[in-house]
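Each remark here refers to the structure printed beneath this line.
Numbered from 1 within each chain, the chains take letters A, B, ... in sequence-line order.
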Protein chains: 2
Amino acid sequence: MDNADQIRAAATQLFASVGYDGASLQAIAERVGVTKQTLLYHYPSKDALRRAVLDHVFAHFRERLPKMLDAVTSGHDRFEALTRELVHFFEADPDRARLLLRELLDKPDDMRRVLAENLRPWILLVAQYVRQGVTSGIIHADVDPEAYVLHVIVLVLANVAVRPVTHGVISAEATPDETHERQMQELFRLTRTALFNR
Amino acid sequence: MDNADQIRAAATQLFASVGYDGASLQAIAERVGVTKQTLLYHYPSKDALRRAVLDHVFAHFRERLPKMLDAVTSGHDRFEALTRELVHFFEADPDRARLLLRELLDKPDDMRRVLAENLRPWILLVAQYVRQGVTSGIIHADVDPEAYVLHVIVLVLANVAVRPVTHGVISAEATPDETHERQMQELFRLTRTALFNR
DNA sequence: CCTACCGATCGGTAGG
DNA sequence: CCTACCGATCGGTAGG
């Protein structure tokens with residue numbers, strides 16, 4: 001991994017944890033062990049670094065898309081497998097979830113375009129699979145396919161992003177990990193039950 | 001509304017839209033038409049202003065709590081009424097949702113304490129109502145009550161917060177308002193179907 | 001002695 | 001990739 005990659009990785013972490021404005025170029029450079037000026041050699045502006053970070057997250061997402069779509073051919077466990085792939089993608093690096101959520105809040109206009117390009121085609125495709133499930137009778141007839149798929153994505157994204165906080169809200173004697181595991185189990189149950197006829 | 005209240009209101013808007021670090025005291029003061037020094041007279045530091053903003057949101061939430069809990073005595077439409085109260089609370093001022101989501105990302109440790117105090121007792125109470133519904137047979141036996149209630153809150157919060165982006169993701173010819181209405185209708189269907197036996 | 005401010009400026013740091 | 005800087009703006013405080 002060269003310096004440009006290391007800088008992007010450090011920026012991803014810092015943007016995710018303290019936000020774009022909260023992360024100074026100096027702080028990002030220090031994490032990598034280079035000067036701020038070296039950073040600005042690789043990325044000519046802070047905004048260029050932002051775009052590089054975001055592009056990299058979506059590049060990873062597109063890489064996993066075929067695997068995700070393989071999971072959703074037909075039947076009950078197939079849709080759950082898709083949700084699991086989604087959870088796996090964000091839990092593999094929770095900074096992805098926090099970063100995307102921050103971008104959604106910070107740059108709604110930009111993100112509308114980015115998501116229209118990167119997420120919309122995929123949502124429409126999965127929604128078509130949902131419609132096939134309705135036709136074959138295994139899925140509730142009153143589901144709104146596109147809205148449902150978006151809800152699943154939002155729910156996974158938000159739950160992974162706010163995971164550090166969840167524990168204090170519903171836990172009793174359980175550990176933070178157990179609480180999160182419980183939360184994700186209910187996420188699978190909830191999204192499955194809301195979709196399929198029994 | 002005196003200057004202190006106006007400053008808090010302006011800070012709420014700016015913190016919600018550009019984040020805590022992105023909102024300068026100068027910009028907040030300018031919105032109200034006072035100097036930055038006047039702001040610092042009312043709130044001795046930026047962090048004090050942050051706490052005042054957050055406290056005010058939770059004060060509003062606690063105000064509406066009795067009404068919310070009235071809604072959840074028993075039966076199908078009662079739980080939906082509770083979700084509608086929650087949606088109403090955040091849609092009445094979407095800045096509340098954006099602000100809370102930002103705080104969850106910016107200050108997870110602080111928010112864990114804040115939510116343990118302000119949200120946890122209420123979640124546990126509603127979860128007890130869910131358990132009663134399980135006993136009486138109207139609610140699915142495999143629901144995780146606390147996790148379910150938290151998912152509903154997270155789903156409402158996230159959907160209101162990212163509303164400006166939703167339209168570009170699933171819409172075709174519909175207006176942004178119609179798309180959001182569709183999204184919220186599916187939210188009600190999803191949370192209802194995941195809870196109740198048919 | 002208190003309240004609600006003002007114009008000016010402090011030491012540091014931002015992105016570039 | 002580094003040294004040496006810039007215009008501007010940051011959160012916070014001075015006396016009156």
**Request:** Answer with yes or no whether B/Lys36 presents, from its side chain, a donor or acceptor under 3.5 Å of a partner atom in the base of D/dG11.
**Result:**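 Under the 3.5 Å cut-off, the side chain and the base do form a donor-acceptor pair.
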**Complete:** Symbol by symbol from the 5' end, with Watson-Crick or G-U pairs under 3.5 Å, [ ] crossing and | another strand, DNA chain D is ....||.|..|.|.|.
How far, in whole Å, is [M] from [N] if one measures between their [atom1] atoms?
| N | M | atom1 | result |
| --- | --- | --- | --- |
| D/dC10 | C/dC10 | C1' | 12 Å |
| D/dA8 | C/dG12 | P | 22 Å |
| D/dG11 | C/dT9 | C1' | 13 Å |

**Request:** Give me the ring orientation class for B/Phe61 and B/Trp122: parallel if the planes are under 30° apart, tilted from 30 to 60°, perpendicular past 60°.
**Result:**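 Taking B/Trp122 first and then B/Phe61, their aromatic rings stand perpendicular (interplane angle over 60°).
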**Request:** Identify which nucleotide among C/dG16, C/dC6, D/dC1 has an atom closest to any side-chain atom of B/Thr38, counting heavy atoms from C-beta outward.
**Result:**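 Of all the options, the side chain of B/Thr38 is nearest to C/dC6.
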**Asked** So which of residues 22-34 of chain B are in contact with DNA chain D, with a heavy-atom cut-off of under 4.0 Å?
**Response**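 Only B/Ala23, B/Ser24, B/Leu25 qualify.
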Rounded to whole angstroms, how far apart are [atom1] on [X] and [atom2] on [N]?
| X | N | atom1 | atom2 | result |
| --- | --- | --- | --- | --- |
| B/Lys46 | C/dT13 | NZ | P | 16 Å |
| B/Leu39 | D/dC10 | CG | P | 13 Å |
| B/Tyr41 | C/dC5 | OH | P | 8 Å |
| A/Arg50 | C/dG16 | CZ | P | 12 Å |
| A/Leu49 | C/dG15 | CG | P | 10 Å |
| A/Gln6 | D/dC1 | CD | P | 10 Å |
| B/Tyr43 | D/dT13 | OH | P | 17 Å |
| B/Leu40 | C/dT3 | CG | P | 17 Å |

cation_pi([X], [Y]) dist<6.0 Å, angle<=45:
| X | Y | value |
| --- | --- | --- |
| A/Arg192 | A/Phe79 | no |
| B/Arg102 | B/Phe15 | no |
| A/Arg84 | A/Phe188 | yes |
| B/Arg96 | B/Phe89 | yes |

**Item:** D/dT3 OP1/OP2 closer than 4.0 Å to side-chain N/O of A/Thr35
**Value:**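 No.
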**Request:** Answer yes or no: does a side-chain N or O of A/Asn3 lie under 4.0 Å from OP1 or OP2 of D/dC1?
**Result:**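 So the side chain of A/Asn3 is within the cut-off, an N or O lying under 4.0 Å from OP1 or OP2 of D/dC1.
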**Item:** Residues A/Gln185 and A/Glu181: side-chain donor-acceptor under 3.5 angstrom
**Value:**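 The criterion, which ignores hydrogens and geometry beyond distance, is satisfied for A/Glu181 and A/Gln185.
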**Side-chain H-bond candidate by donor/acceptor type, B/Asn159 with B/His180, under 3.5 Å** =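 No.
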**Asked** Are any of the side-chain nitrogens in B/Asp47 or B/Arg51 under 4.0 Å away from the carboxylate oxygens of its partner?
**Response**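 Counted as a salt bridge, because a side-chain N and a carboxylate O are separated by less than 4.0 Å.
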**Asked** Given the rule in the salt bridge (Lys or Arg N to Asp or Glu O under 4.0 Å) test, do A/Asp21 and A/Lys46 qualify, once you have shown the distances and angles that lead to the verdict?
**Response** CA-CA 10 Å; A/Asp21 285 310; A/Lys46 195 180 186 183; 5.0 Å; no
**Prompt:** About how many Å separate CD1 of A/Ile170 and OH of B/Tyr148, when rounded to the nearest 0.5 Å?
**Reply:**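 With rounding to 0.5 Å, OH (B/Tyr148) is 14.0 Å from CD1 (A/Ile170).
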**Request:** Nearest-nucleotide wise, let me know which of A/Gln37 and A/His42 is further upstream toward the 5' end of DNA chain D.
**Result:**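 Checking each residue's closest nucleotide, the 5'-ward one belongs to A/His42.
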